[in-house]
Number of protein chains: 4
Amino acid sequence: MPPFSSHNTRASKRHHNRQAILHAARAVFAERGFGGTTVRDIIRRTDLATGTFYNYFDSKDEVFAALNETIGGGLREKLSHARTSALDFQSFVENNYRVYFGYFATHRENYFLMRSNRGREGGNQVMQGPQVQAGVAEMSADIRQAIAAGVLPAMDADYLAASLAGIAFGVLDIMMERDPIDPEAATLFATHLAIYGIGGLSQMRKDKGED
Amino acid sequence: MPPFSSHNTRASKRHHNRQAILHAARAVFAERGFGGTTVRDIIRRTDLATGTFYNYFDSKDEVFAALNETIGGGLREKLSHARTSALDFQSFVENNYRVYFGYFATHRENYFLMRSNRGREGGNQVMQGPQVQAGVAEMSADIRQAIAAGVLPAMDADYLAASLAGIAFGVLDIMMERDPIDPEAATLFATHLAIYGIGGLSQMRKDKGED
Amino acid sequence: MPPFSSHNTRASKRHHNRQAILHAARAVFAERGFGGTTVRDIIRRTDLATGTFYNYFDSKDEVFAALNETIGGGLREKLSHARTSALDFQSFVENNYRVYFGYFATHRENYFLMRSNRGREGGNQVMQGPQVQAGVAEMSADIRQAIAAGVLPAMDADYLAASLAGIAFGVLDIMMERDPIDPEAATLFATHLAIYGIGGLSQMRKDKGED
Amino acid sequence: MPPFSSHNTRASKRHHNRQAILHAARAVFAERGFGGTTVRDIIRRTDLATGTFYNYFDSKDEVFAALNETIGGGLREKLSHARTSALDFQSFVENNYRVYFGYFATHRENYFLMRSNRGREGGNQVMQGPQVQAGVAEMSADIRQAIAAGVLPAMDADYLAASLAGIAFGVLDIMMERDPIDPEAATLFATHLAIYGIGGLSQMRKDKGED
DNA sequence: GATGAATGAGGTTTCATTCAT
DNA sequence: AATGAATGAAACCTCATTCAT
């Protein structure tokens with residue numbers, strides 16, 4: 001046994017290899033999409049051998065899932081933290097957007113990965129990237145709470161949550177195409193649109209009521 | 001000789017087969033996504049033979065394209081018509097949404113197809129389905145016009161167009177999950193959110209200006 | 001019935017179509033070889049339809065055979081005629097070569113066709129093109145006759161016939177690459193080589209006998 | 001564990017499989033020709049799986065090339081060696097033929113392979129089998145040298161080299177049909193024909209000159 | 001007879017996964 | 001645990017030939 005090189009070799013090597021695979025996979029999925037990626041594409045960007053892949057993941061599907069898990073986890077955590085520090089509904093929305101746009105502004109790889117969604121299983125390609133799923137679901141819950149607490153007037157919470165996510169997606173795509181990427185501008189735009197829009201939604205009931 | 005069925009058989013049979021393939025393809029793509037669909041899957045839902053597929057389309061890609069072309073064409077035309085009849089910006093937005101939601105309410109197959117977008121080539125999965133592309137681009141142009149004409153205050157037209165499309169997508173997904181499907185409710189929700197949101201965007205400048 | 005266009009339409013049209021197919025086939029086989037040629041390639045150079053091909057030939061193989069038959073026939077006939085007018089063995093050989101090289105000098109298409117021999121069935125690719133087969137066999141017979149008649153000393157007639165054909169092939173390939181094509185030079189070269197070589201073959205026996 | 005079979009198994013197995021494929025390919029090409037052979041035909045004569053073929057060769061073309069490379073290499077080397085030991089032009093020619101006929105007399109498989117040349121791309125079917133290519137080209141060079149050195153009178157070196165190769169081909173085909181195969185007889189026949197024929201070619205100039 | 005779409009066996013190639021070393 | 005060749009199902013596509021019109 002070599003004297004130094006390995007006081008915790010076993011575990012750390014394992015971790016290192018797993019990370020190497022994830023890293024390579026993220027890049028390839030982003031470039032070629034899920035369907036266009038082969039396991040060999042992934043392993044080729046690594047100094048491992050084909051078979052080794054299956055010591056770490058059971059299938060191509062699984063790396064993809066793990067990847068989304070990882071990324072989704074990071075984003076979800078940040079969003080969650082941002083949310084707790086919100087004092088009112090506007091800052092709730094604004095914080096969400098700021099974290100969201102900021103995250104992708106500093107993690108371009110993940111943006112491209114997110115867009116590479118697999119092309120089978122009729123899953124919603126837009127709102128069901130795992131990362132977004134989380135955000136939408138939690139946001140939807142928060143909205144319901146806000147309505148219950150009287151902070152927001154009664155309105156369709158699912159439509160609203162889906163709309164806020166849709167705005168996020170749309171604006172994100174434009175933001176990422178620009179140079180320089182300006183997440184703050186995107187945040188302000190989305191926030192204004194959303195907040196005033198939400199304001200209008202209370203009108204909706206009145207409009208109806210006043211018929 | 002059957003009395004009707006064959007006054008110009010050759011051409012009509014050809015047309016019939018092409019339709020059969022398109023029909024089958026739409027169903028399979030919707031179920032399994034582009035990547036998960038094989039040409040055999042398509043042809044199996046047909047009473048044609050494998051080779052016949054290639055008399056009508058050169059590849060899987062091509063059916064997919066033709067399908068989107070067809071669908072996109074239909075929707076685009078309707079949207080275009082709706083737009084010309086708009087008297088003010090609110091009805092412009094409202095008509096767009098009404099046509100959009102109404103279209104998918106009565107064409108569920110196409111909704112599922114639209115969500116099956118292929119999973120390779122890093123194309124935007126959300127906003128670049130051919131159908132939507134058209135809508136967004138034209139909407140973006142119309143918004144610029146409206147700004148130039150003074151109907152709308154100066155604002156980021158690309159962000160806005162992308163947001164309006166994002167809202168459409170988000171709301172559509174929720175709408176399609178409900179029973180009964182209520183496109184009018186979706187239209188009103190999206191319209192209110194958008195119109196008031198847009199109203200708020202002018203505030204944005206002022207907010208900034210008043211610093 | 002149209003007044004002029006067709007006093008013997010039926011038969012002549014049939015002949016015309018057959019010729020059209022043969023003509024097209026010759027060109028395509030020459031370009032792409034037998035294996036690389038599809039029936040559709042052939043028919044595409046024609047104003048006929050796929051199915052019509054099978055009114056004239058039973059298979060791809062058969063056109064190929066007919067083509068070789070036609071060409072071989074032409075060449076064989078010319079060779080045969082040349083042979084009857086030979087007064088001695090030298091002019092027998094010389095006439096053969098002159099006709100052979102002259103034929104391809106004025107029928108380049110057939111030269112290329114001849115080289116496009118099919119690539120299946122382990123048939124000899126060199127000496128068994130149908131055209132050559134004929135020549136070699138007949139030449140072999142003539143050589144035996146010459147030996148029997150005492151015009152030539154005893155020697156291996158099959159080896160000799162094969163060699164004469166081999167020379168023809170080798171020289172032909174070089175000749176066809178040159179510009180201008182000079183069949184007379186080729187004829188003289190091949191004739192000299194052959195005649196003097198044959199002269200040497202009698203020595204062979206003597207060499208052996210004198211051991 | 002078997003005592004011998006596996007001291008460096010990995011590499012040796014790889015080599016073994018490659019050989020197995022080449023061996024099978026040679027047999028099938030010889031039987032059916034290039035065009036008539038499918039990759040499946042080859043792999044079927046092996047205990048390997050379809051996909052394995054593509055671990056060793058990229059395509060049918062490539063096995064064929066490798067095969068010719070191997071064979072051509074062997075023959076070329078022998079011919080080259082034979083040539084260096086030639087003292088005069090006659091022994092140069094004689095050695096060439098002896099090696100050539102001797103080679104195929106003891107490698108029947110390769111004879112049949114050589115005749116199976118592919119049937120597409122208008123390549124010369126006769127003189128351009130890789131093996132022969134080498135011989136002809138080198139022979140052509142040697143002839144030019146001999147002419148330059150005054151060993152041979154001026155004559156058309158390309159025609160001559162092609163003719164010598166043509167004789168080899170023609171005689172070989174007859175030789176291989178006989179039982180027993182007698183390469184020495186073939187060698188002597190071809191040599192006599194060639195040497196005396198070449199002698200006659202000098203006459204050609206004179207004939208012309210004396211006009 | 002002419003047409004040209006339909007047929008379907010069969011060819012080449014890819015690739016997720018297994019497995020012997 | 002790592003390796004990387006082997007596997008073989010399955011994908012895409014071609015094309016000689018048939019057949020209804």
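Given the structure is predicted, the values throughout are model-derived calculations rather than measurements. All chains are named by letter (A, B, ...) in the order of the sequence lines, taking the proteins before the strands, and each is independently numbered beginning at 1. The figures that follow rest on heavy atoms only: side chains count, while hydrogens, waters and symmetry mates do not.
For Thr38(D), the side-chain hydrogen bond (donor to acceptor under 3.5 Å, both in side chains) test picks out Asp41(D), with sequence neighbours left out. Here Arg108(B) pairs with nothing under the side-chain hydrogen bond (donor to acceptor under 3.5 Å, both in side chains) rule; sequence neighbours left out. Arg45(B) meets the side-chain hydrogen bond (donor to acceptor under 3.5 Å, both in side chains) test with Glu31(B); sequence neighbours excluded. For His107(C), the ring-ring contact (aromatic ring centres under 6.0 Å, His included) criterion is met by Tyr103(C), not counting sequence neighbours.
Residue Thr37(C) is in sugar-phosphate contact alone, with no base atom involved, counting any heavy-atom pair closer than 4.0 Å across all strands shown. When heavy atoms are screened at a 4.0 angstrom cut-off, Asp41(D) is found touching no nucleic acid atom at all. Nucleic acid contact for Thr52(C): base, since at least one base atom lies under 4.0 Å from a heavy atom of the residue. Residue contacts for Arg14(D): at a heavy-atom cut-off of 4.0 Å it reaches the sugar-phosphate backbone alone, with no base atom in range. When heavy atoms are screened at a 4.0 angstrom cut-off, Phe57(B) is found touching no nucleic acid atom at all. At a threshold of 4.0 angstrom between heavy atoms, the contacts of Thr38(C) are confined to the sugar-phosphate backbone, with no base atom among them.
Running 5' to 3' along DNA chain F, contacts with non-hydrogen atoms of chain A at under 4.0 Å begin and end at dA1(F) to dG4(F).
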Trace of the side chain to side chain contact (heavy atoms under 4.5 Å, CB included) decision for His15(B) with Arg18(B):
CA-CA 5 Å; His15(B) 181 256; Arg18(B) 190 186 158 88; 5.6 Å; no
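Rounded to the nearest 0.5 Å, atoms CG (Leu48(B)) and CG (Asn17(B)) are 4.5 Å apart.
For DNA chain F, each stem of at least three Watson-Crick or G-U pairs (distances under 3.5 Å) is given as range with range: E:2-21 with F:2-21.
Lys13(C) places its NZ atom 7 Å from the P atom of dT3(E), with the value rounded to the nearest Å. Computed from coordinates, the Ile43(D) CD1 to dT12(E) C1' distance equals 13 Å when rounded to whole Å.
Mapping Ser59(A) and Gly51(B) onto DNA chain E via the closest heavy atom, the residue that lands nearer the 5' end is Gly51(B).
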